[in-house]
Every structure is written in structure tokens, then in C-alpha cells.
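Reviewing the structure listed below.
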Amino acid sequence: MNFVKRAAHSLAARKGRTAMLLGIFLVIGVLLLGSSLLRGATARQEAEAQRRIGVDVTVRGDGLTTDTAAALGGSPLVERYNPMLRGTTAPPGLDPVTPDAPEPAGAEEDGRDGAGGDGGDGGDGLALSGIRDSGLLPDFARGRTELVAGRGITAHDADREVLLLEERLAERNGLRVGDTVELASPDGAVRTSFEIIGLYRTPLPTPAAWVPPRDIPANQLYAPLPAVSALGFGSALDEVVLTVGSPDTARELAALAEELLGPDGFRADVNDKAYREQVEPLQRVGALAGVFGWLTSLGGAAVLGLIVTLEIRSRRAELGMLLSLGERKWRLLGQHTAEAVAVAVPALALAAVLGLALARPAGEALLPPSPDGPAPLLMTAGDVGSVAAIGLGIALAATVLPGAAIVRLHPRSLLTHSE
């Protein structure tokens, strides 16, 4: 009789053993598939975290200009960048937000040193930052500061005179999106009208003690860098913040900045706290899922191998009879392998159905929360294929290795030993 037919008869005759093997393969398949789905979900969530957050490298230096910032930002290492030019402007007719505390004597004279001329009283000067993209500012990117009206500044506004105001300053002066505000150069000689395109809200309160208006968060103005530079603030940047994909890339970028700015006179600070807070838990879950998959494979192979070994020992008389009738040893081994594979295939198919349903709550419990919601556990043909390959490999290892010791024996030894 063909050994495949004998395998089918054996499975039908030993229903209890067949059901036990089916259950074991089902458990192994579900665990392997769940491990694979978790690894895929962590990889996708890690890539999304890298894209959304990244690692910020802040470069400061005496030779930092718009040209050097553009050279750094154009590097293939950099995903996005935001140069910044800070100054103090005294917009004519714009009433700044001030603390309730009285202004101490001498503060007005000190303030005039920061923004004198015809632009207004320097003590009433407002902080003006020239930027490339407001969405890349740390507080905006992390959601601590939010837009409440209009839109933010983008790279497409480089040739426009547009402005971003805090809502308390806008309310104090009766301004809204679409209005214009005149800004003055530090010496008051140059004045330019800027259109308000957005209002933002910062959670930082107005200080209770007196501080100069330019140091109050509500008095912070944002405008495109070229417009601020043309207003008379020059082209020497205070800093440029460059976002890269990982801490290793940040170190490469610091070396590139040293080549452009020289070894002295510049500083590169790496801020990867937000990146580590998001990515490191994902990496731990991915590593745990990988170890769990290996343990499942090794443990499953060991359990199945033990069961097959015991099964072969209990069937020594059958094996001896078949060998004495001239059956080849490799066909006996093929019969046991066919029995294991015939049970593994439907078990793995059922595991593909149950794996996604059981892995979803495990993913929600193990994976850290994401701003975009739970990471999707997507089952692909590759996941099913890899789990099927591992499962069939376990079936082969669990039958071939124990069976190899049996087929070395002779029919007489098997029949005598079984009596």
C-alpha cells in the first residue's frame, strides 16, 4: 500500500492522537502568527514615529547663515529643517500684552536698548522670529501650541510678508486673520506691512511679575525668514533645527556641520528625548515578539518530537512487520512525515483565521499608545507564508529526527523488542 494511504488510514484510526496533534499545531500556528503580526505592527509604528517625530539637531554658530542652513538642510541625511532668526521689533500702534505688575524704575530705559528709533518705545518691543515652517517648531510639532484660526507658516511663504500672532495679542488689539500689521526694523528706519495669516494659542501664561513685553509668550511673533531678514535683521541666524531619522544619523549630521562651519565656533545639540520615548518601547516589544517566536518554534518542535518519538515506540511491531515484508525504511519515515504534515496544514489554515483576532488585544495591551490611534495589525501573504514555512519545518524536524533512530534498526530487532 502507498505510504500516503497508510498515513491517511493511521490518522483516521487514531482519532485521539490526530486531534491532539491538530490542537498542538493550532496553538503553535496562532502563537507564531501573533508574534509575526506584532513584529510587523511595531516596525510600522516605529517607522511612523521616525517620520513624525525624528531626532532634532540644533546647530548654532558664528558662521551660521541662511546659505549654510540651506546647505545643511539639503543634505540627504535631513528630513526637514527650520532656520530661525530672532530679533525685537516695535510695531507702531500695536499694544503688547503686559503683566499686571507695575513696571520698575529704569526698565523703560533698558528696553530702549533692544529696539530703539522710530519704531516705538523699545520697552514695548515684541519678539520676532523668522522661520521656515511653523509646524516644525517644537511646541507646535508636539501639540503644546496650537493654531486657533487661519493657518501656519510654510516654506511656500518664503517670498511673502505674512505673520503669525498669539490670540491674546490679537484680542488686545482687535486683530483677526486677514488684517495687516506694520513691523519696524530694530532701528525703526524700515517699516513693512505684514498680513496676519494665523492665530495660535500657547499654554504659557502671562507672568505675574513684571518682565519686558518681548519676554512674554503672548508677544511672540512669527514671520518667514526672508521677510524678517529684509526688514533689517540681517542674515546671521541664531540657530537651525534639523530633523533626522535616528540618533546615529544625528551624529553623521554633526560631522557634516563641522565641515561647513569649522571645528570651532559652532555647537550641535541633539534632542532625541521624544524619539526615544516613542521608539524604544516599540523596539522592546518587537524584540520580545521575536524572542517569543523563537521560543514557540523550539518549544513546539520539542513537544511534537517527544510525541512522535513515543508514537513510534508504541508502533514498533507495525514497523517491524512492514520492514519484514520488504517495505523501504524511507517510506516508513515518509509515512510519519505525511501524517504530521496532513495535520499541520489545516491547523495552520485555522491559525490564520484565529491569529488576527487573538493578536489584536495583545497588540493593544503591549504596544504603547500612538497619536494616530492603535497600530493596525495587518495580515499579509508574507506573514502567512512565513508562519506556514516555520510550522511545516517544525513538523519535519519533529518526525525526521526521532524517526531516523528507528529506521536504523532491523526487522528482527523491532519484532523481538516489541514482544
Exercise. Closest approach of L231 and F194, non-hydrogen atoms and distance?
Worked result: CD2-CE1, 4.4 Å
Exercise. So does D62 have more than 12 non-hydrogen atoms from other groups sitting under 6.0 Å from CG?
Worked result: no
Exercise. Is the closest side-chain heavy-atom distance between D157 and R151 below 4.5 Å?
Worked result: yes
For this session: Evaluate the side-chain proximity of S229 to T66: yes if any heavy-atom separation is below 4.5 Å, no if none is.
Result: no
For this session: For R284, check salt bridge (Lys or Arg N to Asp or Glu O under 4.0 Å) against everything at least two apart and list the hits.
Result: none
For this session: Determine the minimum heavy-atom distance between V387 and S36, stating which atoms define it.
Result: CG2-CB, 4.4 Å
Problem set entry | Spacing of R86 atom CZ and I131 atom CD1 [to the nearest 0.5 Å] | 10.5 Å
Exercise. Heavy atoms, side chains only, cut-off 4.5 Å: are V55 and R251 in contact?
Worked result: no
Problem set entry | Expected output: side-chain T89 to main-chain A184 donor-acceptor under 3.5 Å | yes
For this session: Determine, stepwise, if the pair Y200 / D139 fulfils side chain to side chain contact (heavy atoms under 4.5 Å, CB included).
Result: CA-CA 11 Å; Y200 70 91; D139 286 345; over 6 Å; no
Exercise. Which pair of heavy atoms, one from S35 and one from F292, lies closest together, and at what distance?
Worked result: CB-CD2, 4.4 Å
Exercise. Atom CG of L165 and atom CG of L175: how far apart are they, to the nearest 0.5 Å?
Worked result: 6.5 Å
Exercise. Can you tell me how far CG of D215 sits from CD of Q220, rounded to the nearest 0.5 angstrom?
Worked result: 10.0 Å
Problem set entry | Main-chain N/O of D95 paired to N173 side chain as donor or acceptor, under 3.5 Å | yes
For this session: Rounded to the nearest 0.5 Å, what's the gap from CG on L126 to OG1 on T88? Could you check?
Result: 8.5 Å
Problem set entry | Verdict with supporting geometry, L22 and V343, side chain to side chain contact (heavy atoms under 4.5 Å, CB included) | CA-CA 6 Å; L22 183 67; V343 174; 3.9 Å; yes
Exercise. With T202, which residues qualify under side-chain hydrogen bond (donor to acceptor under 3.5 Å, both in side chains), at least two apart?
Worked result: none
Problem set entry | A208 to P99 - nearest heavy-atom pair and separation | O-CB, 4.2 Å
Problem set entry | Check: L225 and L237 side chains under 4.5 Å, non-hydrogen atoms | yes
For this session: Mark yes or no for whether T296, through its side chain, and I28, through its backbone, hold a donor-acceptor pair below 3.5 Å.
Result: no
For this session: Could you pull out the closest heavy-atom pair between L26 and A351, with the gap in Å?
Result: CD1-N, 3.6 Å
Exercise. Which atom pair, heavy atoms only, marks the closest approach of H156 to D159?
Worked result: O-OD1, 3.7 Å
Exercise. Given side chains that start at C-beta, do those of T68 and V240 come closer than 4.5 Å, heavy atoms only?
Worked result: no
Problem set entry | Reported CG-to-OG distance for the pair L260 and S75, which is rounded to 0.5 angstrom | 9.0 Å
For this session: Could you check if a side-chain atom of R80 sits within less than 4.5 angstrom of a side-chain atom of N82, using non-hydrogen atoms only?
Result: no
For this session: For V345 and L392, run side chain to side chain contact (heavy atoms under 4.5 Å, CB included): C-alpha distance rounded to whole Å, both residues' side-chain angles, the deciding distance at 0.1 Å, then the answer.
Result: CA-CA 8 Å; V345 170; L392 293 177; 4.3 Å; yes
Exercise. Hey, mind stepping through D133 and T154 against side chain to side chain donor-acceptor pair (under 3.5 Å) and telling me if it holds?
Worked result: CA-CA 4 Å; D133 191 335; T154 68; over 6 Å; no
For this session: Determine yes or no for a side-chain-to-main-chain donor-acceptor pair under 3.5 angstrom, with N219 supplying the side chain and R214 the backbone.
Result: no
Problem set entry | F25 vs L348 side-chain heavy atoms within contact, under 4.5 Å | no
Exercise. Does G293 offer a backbone N or O that forms a donor-acceptor pair with the side chain of S297 under 3.5 Å?
Worked result: yes
Exercise. Taking only residues two or more places apart in sequence or in another chain, which ones pass salt bridge (Lys or Arg N to Asp or Glu O under 4.0 Å) with E252?
Worked result: none
For this session: Decide yes or no for V181 and L221: does some side-chain heavy atom of the first lie under 4.5 Å from some side-chain heavy atom of the second?
Result: no
For this session: Start with the C-alpha gap between L242 and L253, add the side-chain angles, then the distance that decides, and say whether side chain to side chain contact (heavy atoms under 4.5 Å, CB included) holds.
Result: CA-CA 9 Å; L242 307 111; L253 183 63; 3.7 Å; yes
Problem set entry | Euclidean distance, S129 OG relative to L137 CG, rounded to 0.5 Å | 8.0 Å
